[in-house]
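Atoms within a ligand are numbered from 1 in the order they appear, just like the ligands themselves.
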Amino acid sequence: MGLKLFNTLSRSLQEFAPLAPPQVGMYCCGPTVYDFAHIGNWRTFVFADLVRRALEFKNFQVAHVMNITDVEDKIIKGVRQSGTTLRDFTAQYETAFFDDLKTLNCLEPHQKPRATEHIPEIISLVGKLIARGFAYQAADGSVYFSIAQYRGAGCTYGKLLKLNADELRPGERVKSDEYAKESIADFALWKARSPEDGEVFWPSPFGEGRPGWHIECSAMSMKILGPGFDLHLGGEDLVFPHHEDEIAQSEGATGQPFVKYWLHGAHLLVEGKKMSKSLGNFFTLRDLLAKGYTGREIRRLLLSAHYRETFNFTLDGLQGAKMSLARIDECLAKLREIAQSAGRPANPAPDTSNASALGRFGDALDDDLNVSAAWGVVFEWVGDLNRRMAENAMSPDGAAAALAVWEKMDSVLGIGTKSGPEIPPEISALLESRQAARREKNFKRADEIRGELQAKGWVIEDTAKGPKLKRI
Ligand code: AMP
Ligand code: ZN
């Protein structure tokens, strides 16, 4: 079965056929760095990570781009209130964002362009739109996209969201980055400098000012991935106006299709309600870490439901995630013990039960990234492995094969394994020389090494399956 994805553009499930397989160009709208990202934002970024990992699991070569929106209305307000520079203000949240991304074990995007480092590309795109008659400078000095001119040229504004053409009120303009979702209005491409902007402005052929939010993404995505690329992602709130405007700007400037597949993740609620600071249900990732939850537990929970379903995040759910990870960890630890008991490198043997689990896991992903079905396969397989181990019917090679299958599944799920104490190479080397001394019946030397290890904080436990190192 091939990979099928729900394309917001066609409002249907479609076979995924990239423009130049096996390459896939994927752009995910990144964070607006004016605050710490909240758990709702993280649902969307973990979803983007799932898309990337699932494509790589299917052997596509993904070029993953995620922009940093580092100039925008809310940021300017933050700069003004904090009295810092734009770069100092955004740098703290950008660093925090990438630390959090790592905590959630999301793969780092290959390119992370900043809007402020693409001002020439943005200006050139605005210039093209003016030249093609799709943009105009208004009396306030700002440059706006003309929806009427765009439609007049036979282009569709409203490709992602069916919009009522009667709602078009020509001449109505918005300068704000976030305008009413019901209104179709000409939107700002270049915002003329105003006193509230302080030092945040750039020179341009249209006068001093700064870019609008939507044009930033068009300029950066097309610069890196080309005028037409495969996949564009974001949370469902970005469908209109942000993504609709990106399509209009990009296709208006190039005259060719912008993106083949649009994927949108549904929102996250907390304890059944829209997150808000006043309701006390607003969590950043850091708030949850401070409560003692780990990145992998939070990732497990964020990845438990299908991306197109609204997800209700609860603290009880996090407890459940902790327990379900413990089940996997326990099974993996037992498998490792059996695999190592061979006393020689294990030789993963083909196994029909593993192959079938991996096949069903892949089928679930093919079905529009049905991650809840994929977890279902994992837990059923873990149950089967546990039963075989309880019946002493698992050979070291069988255990090694199961572990290899888990590696493949985890390349998509990204929960890794519970980290035990890492054994430093120096300590492993000491253990190895103690074993050598014992083999040579030099028990005095073996005991000395035991003492050395103890002094370094490690004890040796001799078990039926060989020596084990433990931290004191
Ligand atoms: P922002 O930094 O506000 O531009 O948002 C970053 C990403 O988070 C965007 O893709 C939004 O669609 C997404 N997002 C915002 N709120 C939520 C939420 N409650 N649930 C899921 N995604 C969200
Ligand atoms: Zn964007």
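The N/O atoms of Gly234, backbone and side chain alike, include none that comes under 3.5 Å of an N/O atom in ligand 1. The distance criterion of under 3.5 Å between nitrogen or oxygen atoms is not met by Phe45 with respect to ligand 1. Not a single N or O atom of Arg43, backbone or side chain, sits closer than 3.5 Å to an N or O atom of ligand 1. Taking only nitrogen or oxygen atoms, main chain and side chain alike, Trp213 does not reach within less than 3.5 Å of ligand 1. Distances between N or O atoms of Ala266 and those of ligand 1 include no value under 3.5 Å.
Summary of contacts: the protein heavy atom closest to atom 1 (P) of ligand 1 is Thr32 OG1, 3.9 Å.
Side-chain contact annotation: Asn67 with Thr69, donor-acceptor N/O pair under 3.5 Å present. For the 3.5 Å distance criterion, the side chains of Ser372 and Asn370 qualify, holding a donor opposite an acceptor. A donor and an acceptor atom, one from each side chain of Asp287 and Thr284, are located under 3.5 Å apart. In this model, a donor atom of one side chain and an acceptor atom of the other lie less than 3.5 Å apart for Asn7 and Gln14. The closest side-chain donor-acceptor pair between Asp70 and Tyr93, if any, does not fall under 3.5 angstrom.
Between Arg360 and Glu380 there is a salt bridge, since a side-chain N of the basic residue sits under 4.0 Å from a carboxylate O of the acidic one.
Figure legend: cation-pi geometry between Lys112 and Phe98, with NZ or CZ positioned under 6.0 Å from the six-membered ring centre and within 45° of its axis.
For the pair SG of Cys217 and NE2 of His242, the angle whose vertex sits at the Zn ion (ligand 2) is 110° to 10 degrees. Here Cys29 contributes SG and Glu246 contributes OE2, and at the Zn ion (ligand 2) these two atoms make an angle of 90°, given to 10°.
The ligand atoms of ligand 1 that sit less than 4.0 angstrom from a heavy atom of Leu268 are 18 (C), 19 (N), 20 (N), 21 (C). Contact atoms of ligand 1 toward Pro31: 2 (O) (distance under 4.0 Å to a heavy atom of the residue).
Annotation: side chain of Tyr157 is not in contact with side chain of Ile247 (no heavy-atom distance under 4.5 Å).
Contact analysis puts His38 in contact with ligand 1, with a non-hydrogen atom separation below 4.0 angstrom. No heavy atom of Tyr34 sits closer than 4.0 Å to any atom of ligand 1.
Between Phe258 and Phe229, the gap from one ring centroid to the other is short of 6.0 Å.
Taking only non-hydrogen atoms, the option from Asn41, Asn67, Thr310 nearest to atom 15 (C) of ligand 1 is Asn41.
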